[in-house]
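Reading through the structure tokens given below for one structure.
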Amino acid sequence: MTHQRLITLDGTVNFRDIGGYENNHGQKVKWNKIYRSDSLSSLTPEDQEKLEQMKVTVDCDLRSTNEQDMAPDRLWKNVDFEDCHVYSEGHGGNFVDEKRPLYKFFHHIPEMNSYLGQIYQDVILSPSSQKAFAKVFGKLLSLADSEALVYHCSAGKDRTGMMSALILTGLGVDDQTIAKDYLLTNELYGFGLKKQMPSDTEMIQLVNQMNVTQGEGTAIKGVTATINDGFGSFENYFTKILGFSRQDLVDFRKLYLV
């Protein structure tokens, strides 16, 4: 199978593979296994057939019920739809404001310098969001070797970006690389709208020229810094917060690293 970062579909502009990134142990994330996307509500029959051929058998929708009702995913054959709301849809699932300072103090949660970074951090700390993240990880852990999974929101940036940051952090990819993957959404929208696949050289140039020390790129630290600094490690967040075991983390890395 070919290795392409951006997958050209008629009904999306930001469907891409998160494979190929190298972690801090010299391993690489497997290609053709985990995809991130914008809305899947405008897929054409040709798109649906392509996703079936790619063996994408799990579709994790991170959007709200209202978004799903207004623009439901156009599903394809042999796909399992999973409702994974990231944002709370009721008062019971919210991270309660009055408890946040005390929680952050006892868990040593770092302060974010950007407004968007603060929002991302609050989502990472929200019990309702954690249930959605855990659901995606659970599906990844049970995915067959020959199959693939996609998760998505509306634009494929914020909720999808947070999910991507968690997955890549869990696989040992460094913060700088995760931030650049996050920023690719902005860069690749132009390619997606024109339906022109960037060449390998163009892709490398895009990544190399990104400045993640300033501006929007720092927002994703609301995820990575909260996990690594606030909880001490991804393992702590994965086991103590998301409810998985250490063996689950070992299995997750075996499944998605080469």
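- Atom NZ of Lys28 is surrounded by 12 or fewer heavy atoms from other residues, nucleotides or ligands within 6.0 Å.
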Inset, instruction - Check the pair Phe133, Phe137 against ring-ring contact (aromatic ring centres under 6.0 Å, His included), reporting the backbone distance first and the verdict last. - result: CA-CA 6 Å; Phe133 297 141; Phe137 276 112; 8.0 Å; no
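- Under the 4.0 Å criterion applied to side-chain N and carboxylate O atoms, Asp83 and Lys135 are not assigned as salt-bridge partners.
- Of the options Ser42, Ser37, Ser41, a side chain to side chain donor-acceptor pair (under 3.5 Å) to Ser39 is made by Ser41 and by none of the others.
- Every residue was checked against the side-chain contact (heavy atoms from CB on, under 4.5 Å) condition with Asn24, not counting sequence neighbours, and none meets it.
- Heavy-atom neighbours of Asn113 CG from other residues, nucleotides or ligands within 6.0 Å: at or below the threshold of 12.
- Expressed to the nearest 0.5 Å, how far CG of Leu9 lies from OG1 of Thr44 amounts to 7.5 Å.
- The two residues Val150 and Leu40 come nearest to each other via the heavy atoms CG1-CD1, 4.2 Å.
- Under the 4.5 Å side-chain heavy-atom criterion for Ile, Leu, Val, Met, Phe, Trp and Tyr, Met112 and Met162 are members of distinct hydrophobic clusters.
- Contacts of Asp248 classified as side-chain contact (heavy atoms from CB on, under 4.5 Å), with partners at least two apart in sequence or in another chain: Leu141, Phe238, Phe244, Ser245.
- The two residues Asn23 and Val173 make their nearest non-hydrogen contact at CB-N, 3.8 Å.
- Taking both residues in full, the closest heavy atoms of Leu149 and Lys139 are given as CD1-CB, 3.7 Å, listed atom of the first, atom of the second, then distance.
- Nearest heavy-atom pair, Ser154 versus Asp38, reported as atom, atom and distance to 0.1 Å: O-CB, 3.3 Å.
- Salt bridge Asp17/Lys33: absent, no basic N to carboxylate O contact under 4.0 Å.
- The neighbour count for Lys50 NZ, taken as heavy atoms of other residues, nucleotides or ligands under 6.0 Å away, is above 12.
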